[in-house]
Peer 1: 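First the structure, which I've put down as structure tokens, then a few questions once you've had a look.
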Amino acid sequence: MSDIPVGSPRVDTSKRTWLIASGCAGAVGGVATAIPFVSTFEPSEKAKAAGAPVEVDIGALKVGEKMTVEWRGKPVWILKRTPAQIAELPKLDGQLADPESKRHQDELTPKYALNEHRSIKPDVLVVVGICTHLGCSPTDRFQAGPQPSLPNDWEGGFLCPCHGSTFDLAGRVFKNKPAPDNLPVPPHMYLSDTRLLIGEDKKA
């Protein structure tokens with residue numbers, strides 16, 4: 001005798017099993033499709049690195065030393081100038097193409113760096129280490145005095161080996177050189193006395 005009550009609809013167990021199986025497969029497929037679709041809204045790691053600010057600890061940077069960090073694929077120099085180097089900067093104005101950094105201020109020099117030392121703190125220079133002529137990277141020539149490819153009254157700075165452009169220790173270009181502009185000062189601000197944020201200057 002059958003256990004199914006009289007008048008109840010008969011259940012096709014084989015059809016029910018197929019419906020459950022296909023429903024589960026569809027749910028799994030839907031999740032698998034949704035994950036890649038949602039992930040496309042998030043920026044890639046490469047994209048984040050391309051524009052993300054860079055935090056730098058300069059606590060160990062000694063007077064007269066320079067360190068280099070990367071921001072947006074560019075070298076950023078952080079130089080801790082000596083008191084003598086800072087004092088020498090105003091004396092060079094007559095030799096420089098743009099001593100007051102008036103050219104292309106929006107691109108090259110933020111308002112807080114529109115001063116003789118082109119920096120927030122007089123002793124700490126922060127510039128992008130790329131020559132404004134053809135994009136070469138200048139070399140350090142901090143020692144004063146006569147040197148190859150430099151004038152006899154050289155007071156220290158940077159020399160671009162590609163075409164001979166020279167920059168002082170504020171990143172300002174000397175007159176009659178191929179480079180048309182001073183080295184760019186990137187957006188930056190101090191998070192503390194020893195921590196810099198390169199790429200953002202909201203609090204500066």
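In what follows, every heavy atom counts, from backbone to side chain, and hydrogens, waters and symmetry copies are set aside.
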Peer 1: Please check this pair: side chain of Thr132 against backbone of Asp181, looking for a donor-acceptor N/O pair closer than 3.5 Å.
Peer 2: yes
Peer 1: Can you name the closest pair of heavy atoms from Ser119 and Lys121 and give their distance?
Peer 2: OG-O, 2.6 Å
Peer 1: Minimum heavy-atom separation for Leu61 to Lys80, with atom names?
Peer 2: O-CD, 3.4 Å
Peer 1: How many angstroms lie between OG in Ser192 and CD in Glu55, if you round to the nearest 0.5 Å?
Peer 2: 8.0 Å
Peer 1: Flag this pair as yes if the NZ/CZ of Lys66 is under 6.0 angstrom from the six-membered ring centre of Phe142 and inside a 45 degree cone about the axis; otherwise no.
Peer 2: no
Peer 1: For the hydrophobic clusters of this structure (ILVMFWY residues joined by side-chain heavy atoms under 4.5 Å, transitively), does one cluster hold both Ile58 and Val126?
Peer 2: yes
Peer 1: Using side-chain heavy atoms (C-beta onward) and a distance below 4.5 Å, is His188 in contact with Leu197?
Peer 2: no
Peer 1: Among Arg103, Arg118, Glu100, exactly one meets side chain to side chain contact (heavy atoms under 4.5 Å, CB included) together with Asn182. Which residue is that?
Peer 2: Arg118
Peer 1: Of the non-hydrogen atoms in Thr68 and Pro75, which two are nearest, and what is the gap between them?
Peer 2: CG2-CB, 3.8 Å
Peer 1: When you group the ILVMFWY residues by side-chain heavy-atom contacts below 4.5 Å and let the links chain together, are Val76 and Val127 in the same group?
Peer 2: no
Peer 1: Do the charged groups of Arg81 and Asp123 touch, with an N to O distance under 4.0 Å?
Peer 2: no
Peer 1: Please answer whether the main-chain N or O of Ala179 pairs with a side-chain N or O of Ser165 as donor and acceptor at a distance below 3.5 Å.
Peer 2: yes
Peer 1: Do side-chain atoms of Arg141 reach the backbone of Glu155 as a donor and acceptor pair under 3.5 angstrom?
Peer 2: no
Peer 1: Is there a path of hydrophobic side-chain contacts, each under 4.5 Å between heavy atoms, that joins Tyr112 and Leu125?
Peer 2: no
Peer 1: Compare all side-chain heavy atoms of Leu92 with those of Glu116 and state whether any distance is below 4.5 angstrom.
Peer 2: no
Peer 1: Counting N and O atoms only, with roles assigned by atom type, does the side chain of Gln95 sit under 3.5 Å from a partner on the main chain of Lys91, one being a donor and the other an acceptor?
Peer 2: no
Peer 1: Of all the heavy-atom pairs spanning Phe174 and Trp154, show the shortest one and how long it is.
Peer 2: CE1-CZ3, 3.8 Å
Peer 1: Any ion pair linking Glu65 and Lys62 (charged N to carboxylate O, less than 4.0 Å)?
Peer 2: no
Peer 1: For Ile120, is there any backbone N or O sitting under 3.5 Å from a side-chain donor or acceptor partner on Tyr190?
Peer 2: no
Peer 1: So, the side chain of Thr139 versus the backbone of Leu159: is there a donor-acceptor pair under 3.5 Å, distance only?
Peer 2: yes
Peer 1: Yes or no on disulfide (SG to SG under 2.5 Å) for Cys136 and Cys160, after CA distance, side-chain angles and deciding distance?
Peer 2: CA-CA 7 Å; Cys136 301; Cys160 184; 4.5 Å; no
Peer 1: Please say which of Val128, Leu183, Val69, Ile130 ends up in a side chain to side chain contact (heavy atoms under 4.5 Å, CB included) with Trp77.
Peer 2: Leu183
Peer 1: Does Gln85 reach the main-chain N or O of Thr82 with its side chain, forming a donor-acceptor pair under 3.5 Å?
Peer 2: yes
Peer 1: NZ/Lys175 to OG1/Thr166 distance, rounded to the nearest 0.5 angstrom?
Peer 2: 12.5 Å
Peer 1: Taking atom CG of Asp153 as the centre, report whether more than 12 heavy atoms of other residues, nucleotides or ligands fall under 6.0 Å from it.
Peer 2: yes
Peer 1: Return the minimal non-hydrogen interatomic distance between Pro110 and Val185, and the atom names on each side.
Peer 2: CD-O, 3.4 Å
Peer 1: Roughly how far, to the nearest 0.5 Å, is CD of Glu200 from CH2 of Trp71?
Peer 2: 11.0 Å
Peer 1: Determine the minimum heavy-atom distance between Asp57 and Gly59, stating which atoms define it.
Peer 2: OD1-N, 2.9 Å
Peer 1: Starting from Leu169, can I reach Met67 by hopping between I/L/V/M/F/W/Y residues whose side chains sit under 4.5 Å apart?
Peer 2: no
Peer 1: Check whether more than 12 heavy atoms from other residues, nucleotides or ligands sit under 6.0 Å from atom NZ of Lys102, and answer yes or no.
Peer 2: no
Peer 1: Using atom types as modelled and distance alone, determine if a side-chain donor or acceptor of Arg172 lies under 3.5 Å from a backbone N or O of Leu89.
Peer 2: yes
Peer 1: Do the side chain of His133 and the main chain of Cys131 share a donor and acceptor less than 3.5 angstrom apart?
Peer 2: no
Peer 1: Test your reading of the model: is there a side-chain donor-acceptor pair from Thr109 to the backbone of Leu114, 3.5 Å cut-off?
Peer 2: no
Peer 1: A side-chain contact here means heavy atoms from C-beta on lying under 4.5 Å apart; do Met189 and Leu196 qualify?
Peer 2: no
